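What follows is one structure encoded as structure tokens, with my remarks underneath.
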Amino acid sequence: MDDSPHFVFYYPLSSARRMVAAVDQEDGQLMRDETRLGRLATGLYNELVLRDYVKAKGFSADTLLTAIESSQGILEDQYAKVQVFQTQTTEKYPQLTFQELESRLDILRSKADLLKLQLSNTISEEQFHQSAPSVEGAGIVIQQYNASFTTLFDYLSAYDDYNKAITNAERQLYEKSIPDPDNKNINTNLENLRNIGISSVYAKAKSTDPRKGLSALIAQRDQWVTDSVSSFAFQDLNCRANAVYAEALPGYRSIIQSEALIRSAGMERELKNVKTDWAQIEDAHDKRTAESYEYILDNVPKFKQQVAELKERYARLIAPTPTPKPPAESDPTTWIILIIVLALGAYGFYMYRKKQQEENEGDSDAGHH
């Protein structure tokens, strides 16, 4: 489908169970899109009808074509015989007529040609589908078979009319008082015209009308597809919901096992919320409906987050308070450097003041003298 091969799981048409599941061969992904799965299931159903009904019942196009081609050769021989037979018989007994027989034989030959053409078209379509299989291709082949079966019964109806014409020709032998042994010989020749090599096909088709069987199966197709896709969707929900439920269950059990400790930490409200939410999940799990599985898939992830937050808060509450560290002792080197800098600064300032004082005293003495 869509140029990508798929592995498909299904139950046979004869089974009361219905489900279709498909996996893309390229990426291994399970097909969950119900519209696409429905398309694939429709193609699968048509494929199964062809395999398990049309061919299994002996109505494959190649089997029918072999019988019809053989019959056409016999019909041509019969037609030649009728021409000779009619000329010879009517010369001796002009009151006899075989025009109806000749006309019905012509129609039968024409119907055989049409059937051969239709069966050849069906085989061509079937071979194309086998060389390039697709979900739509099987449906086209089904249509061809439907047309082939209709043409087959037109041919068989023409054969019935041909047989009636033979019977009418035989009846006139008695009505026209044809004497023996000519009566018996003509009757034998007419009776031999009945065999055109389709007795097996005729008996099978009349006892098991493939038109009705095919129509009945096609009428059931949409319901089969709907049931099969719905069954998969439900089973898929069931599997996924049970998986996430199983993942969440250990977390809930660990909360219950620590219930007394959680209560002692003053977290009764959080504990109550967890128990209430899990009860709703349990209830949905017990219902086992599509809606309940959807509820589990929607709510379990939120529940797991809720449990994780409760555990995290509880862990913080019971964690020991860390003892403050005493302030680190100052590095004495820093103070020594500072003292030296201050001392050098003070000494420099002292020497500067002393020098200024000496200069001032010298200036004073010079002025005095």
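Bear in mind that the values here come from a model prediction, so they are computed numbers and not experimental data.
Around atom CD of Gln99, no more than 12 heavy atoms belonging to other residues, nucleotides or ligands sit under 6.0 Å away. Within 6.0 Å of CZ in Phe7 there are 12 or fewer heavy atoms belonging to other residues, nucleotides or ligands. Enclosure of atom NZ in Lys206 by more than 12 non-hydrogen atoms of other residues, nucleotides or ligands within 6.0 angstrom is indicated.
Side-chain atoms of Gln306 and Asn273 form no donor-acceptor pair, as typed in the model, at a separation below 3.5 Å. For the residue pair Gln72/Glu76, the side-chain donor-acceptor check at 3.5 Å is not satisfied. Side-chain contact, Arg221 with Asn46: a donor N or O sits under 3.5 Å from an acceptor N or O. Remark: the Asn242 side chain and the Asn238 side chain contain an N/O donor-acceptor pair separated by less than 3.5 Å.
Using cut-offs of 30° and 60° on the angle between ring planes, the pair Tyr45 and Trp224 is tilted. Ring orientation note: the planes of Phe234 and Tyr293 are tilted relative to one another, at an angle of 30° to 60°. Aromatic ring orientation, Tyr202 versus Tyr159: perpendicular (interplanar angle above 60°, classes split at 30° and 60°).
With Ser228 contributing its side chain and Val20 its backbone, the two residues share no donor-acceptor pair below 3.5 Å. At distances below 3.5 Å, at least one donor-acceptor pair connects side-chain atoms of Asn192 with backbone N or O atoms of Thr188.
Put simply, the residue from Leu64, Leu156, Leu152 that forms a side-chain contact (heavy atoms from CB on, under 4.5 Å) with Leu115 is Leu152.
For the atom pair CG (Asp182) and NZ (Lys184), the distance works out to 12.5 Å, reported to the nearest 0.5 Å. A distance of 4.5 Å separates CD in Glu100 from CG in Asn168, rounded to the nearest 0.5 Å. Taken from CG in Leu261 to CG in Leu271, the straight-line distance is 11.0 Å, to the nearest 0.5 Å. A distance of 6.5 Å separates CD1 in Ile262 from CE in Met267, rounded to the nearest 0.5 Å. Distance check: Ile296 CD1 to His285 NE2 gives 5.5 Å after rounding to the nearest 0.5 Å. Atom-to-atom distance recorded for Met19:CE and Phe9:CZ is 4.5 Å, nearest 0.5 angstrom.
Between Glu69 and Leu65 there is a side-chain heavy-atom pair separated by less than 4.5 Å. Considering only heavy atoms from C-beta on, Ile166 comes within 4.5 Å of Leu101 through its side chain. Side-chain contact between Glu175 and Arg171 is present, with heavy atoms from C-beta onward closer than 4.5 Å. Side-chain contact between Gln220 and Leu217: present, with at least one pair of heavy atoms (C-beta onward) separated by less than 4.5 Å. Annotation: side chain of Tyr145 is not in contact with side chain of Val49 (no heavy-atom distance under 4.5 Å). Counting heavy atoms from C-beta outward, Phe303 and Asn299 have side chains that stay 4.5 Å or more apart. Looking at Trp278 and Ile256, their side chains never come closer than 4.5 Å, going by heavy atoms from C-beta outward. Side-chain contact check for Arg313 versus Glu309: every heavy-atom pair is 4.5 Å or farther apart.
With sequence neighbours excluded, the residues forming a side-chain contact (heavy atoms from CB on, under 4.5 Å) with Leu96 are Thr89, Tyr93, Phe98, Gln172, Leu173, Lys176, Ile178, Ile186, listed by chain and number. Here Asp154 pairs with nothing under the salt bridge (charged side-chain N to carboxylate O under 4.0 Å, His left out) rule; sequence neighbours left out. Residues satisfying the ring pair (Phe, Tyr, Trp, His ring centres under 6.0 Å) criterion with His129, sequence neighbours excluded, are absent altogether.
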Test log, rule ring pair (Phe, Tyr, Trp, His ring centres under 6.0 Å), inputs Phe149 and Phe153: CA-CA 6 Å; Phe149 291 155; Phe153 273 81; 8.0 Å; no
Pair Glu268, Lys272 - check salt bridge (Lys or Arg N to Asp or Glu O under 4.0 Å), show working. CA-CA 6 Å; Glu268 290 88 353; Lys272 180 180 179 182; over 6 Å; no
Quick one: do Thr167 and Arg194 satisfy side chain to side chain donor-acceptor pair (under 3.5 Å)? Show the steps, please. CA-CA 10 Å; Thr167 300; Arg194 294 186 188 274; 3.0 Å; yes
Dump the intermediate steps for side chain to side chain donor-acceptor pair (under 3.5 Å) on Ser258 and Tyr314, then the final yes or no. CA-CA 10 Å; Ser258 305; Tyr314 174 73; over 6 Å; no
Let's go through Arg316 and Glu312 carefully: what are the C-alpha distance in whole Å and the side-chain angles of both, what is the deciding distance for salt bridge (Lys or Arg N to Asp or Glu O under 4.0 Å) to 0.1 Å, and is it a yes or a no? CA-CA 6 Å; Arg316 287 199 307 266; Glu312 183 180 351; 3.5 Å; yes
Take Gln130 and Glu126, measure what side chain to side chain donor-acceptor pair (under 3.5 Å) needs, and give me the verdict at the end. CA-CA 6 Å; Gln130 290 170 350; Glu126 197 166 23; 4.5 Å; no
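With respect to the salt-bridge test (charged N to carboxylate O, under 4.0 angstrom), the residues Arg263 and Glu259 qualify. Between Asp113 and Lys116, none of the side-chain N atoms (NZ, or NE/NH1/NH2) sits under 4.0 Å from a carboxylate O, so this pair counts as no salt bridge. Using a 4.0 Å cut-off between charged side-chain N and carboxylate O, Asp283 and Lys287 make a salt bridge.
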